[in-house]
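Whatever order the structure lists ligands and atoms in, that order sets their numbers, starting from 1.
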Amino acid sequence: MVRKQVVLVTGANGEIGHGLIERISQEGDKDIIALDLVPLDEELARRCQEVFVGSILDTQLTERIVSRYEITEIYHLAALLSTRAEFAPETAHQVNVDGTMGLMQLALEQSSWSGQPVKFLFPSSIAVYGLPDLETKARAGKVKEYEWIAPTTMYGCNKLYCEALGRYFSRYYRQLAAEKDQRTVDFRSIRFPGLISAVTVPSGGTSDFAPEMLHAAAKGESYACFVREDTAIPFMAMPDAVDGLLRLSAAPQQDLKHSVYNITAFSLTAGEFAAKVREHFPSAQIRFEPDLKRQAIVDSWPVDTDDSAAREDWGFAPVYDVDSAFAEYLVPAIRRRYA
Ligand code: SER
């Protein structure tokens, strides 16, 4: 019996999953199997060879998957985001770290069947950064991958550690063994800024104020923003995030000097974001009612990130700046969605 070769997407029903599955299926050369805690939206499920509903921590389920399919590439998107993780840090650690460790072992095991490295694409986040105060944040400006990595959230700690784990699995696994292990994981990670999708509203993140503000305006609902007007972090439109993952996956290994790359598109304050929303939805009702604890998390994230390594090594360049993201992607799609 020959198992079918597939790409595995975990957290498939989430924000990135929606855009990613659509793109991979449009390209048409790979079969997708999806894993999520909840059933996939119907349209998304139709694009997948098979959908498995359950937890990434359920080893019986993951074994059932590999008994049926040979996995050549993993997009491991499942995670508890930064706000939600603070309400259940131990659970977040299990999902975000133990779950990722389990999938890396699965990737390693899968590579022994084909003799080829299994690609492991991992979304990391600006949450791995931790700036101690606003003055330092302003002074730091665009941060490089190795600067200010002192996360203040469980989610940030989990992402930073899993980046290291990925580097370990792809370069140093069982480094003291007499013979080099032939099984290999080809780990590649992107540190994303806040992502804004026209299709889905995020749940449980701390950069959610921006997408929430926009979706509320489109629905004609008033919105109380949980951070101050002057709060600045970097953002990106979802199609660029998906494109980043696919481009990094397609890059020749020898071009990649690092296993983890920042990418970003535009930085702006919550007040500037509100002004953009009002440009397109003039009757939007947005007020600022900072939640001091969530504010502290966003204040620890950088104003901007330096993504020159991604641009140099694998040619990353976002299509959308803030104006075109609103005018050409977000607003038309969101209007259609709530029409
Ligand atoms: N957008 C995510 C969050 O807010 C960060 O990766 O948790």
Arg171 charged N/C atom sitting above Phe187 aromatic ring, 6.0 Å / 45°: no

Worked verdict on Tyr261 versus Asp307 for side chain to side chain contact (heavy atoms under 4.5 Å, CB included): CA-CA 7 Å; Tyr261 291 91; Asp307 62 3; over 6 Å; no

Geometric cation-pi criterion, Lys219 with Phe281: 6.0 Å, 45°: no

Please tabulate, line by line, the atom pairs linking an N/O of ligand 1 to a protein N/O at a distance below 3.5 Å, with the distance in Å to 0.1, or answer 'none'.
from     : atom 1 : to     : atom 2 : distance (Å)
ligand 1 : 1 (N)  : Ser207 : OG     : 2.8
ligand 1 : 4 (O)  : Ser82  : OG     : 3.3
ligand 1 : 4 (O)  : Thr206 : N      : 2.6
ligand 1 : 4 (O)  : Ser207 : N      : 3.0
ligand 1 : 4 (O)  : Ser207 : OG     : 3.4
ligand 1 : 6 (O)  : Ser125 : OG     : 2.7
ligand 1 : 6 (O)  : Tyr155 : OH     : 2.9
ligand 1 : 7 (O)  : Ser82  : N      : 3.0
ligand 1 : 7 (O)  : Ser82  : OG     : 2.5

Residues which pass salt bridge (Lys or Arg N to Asp or Glu O under 4.0 Å) with Glu90, listed by chain and number, not counting sequence neighbours: none

Between Gln5 and Thr72, a side-chain donor and acceptor under 3.5 Å: no

Reference residue Arg228; test side chain to side chain contact (heavy atoms under 4.5 Å, CB included); the match among Val298, Asp299, Leu292: Asp299

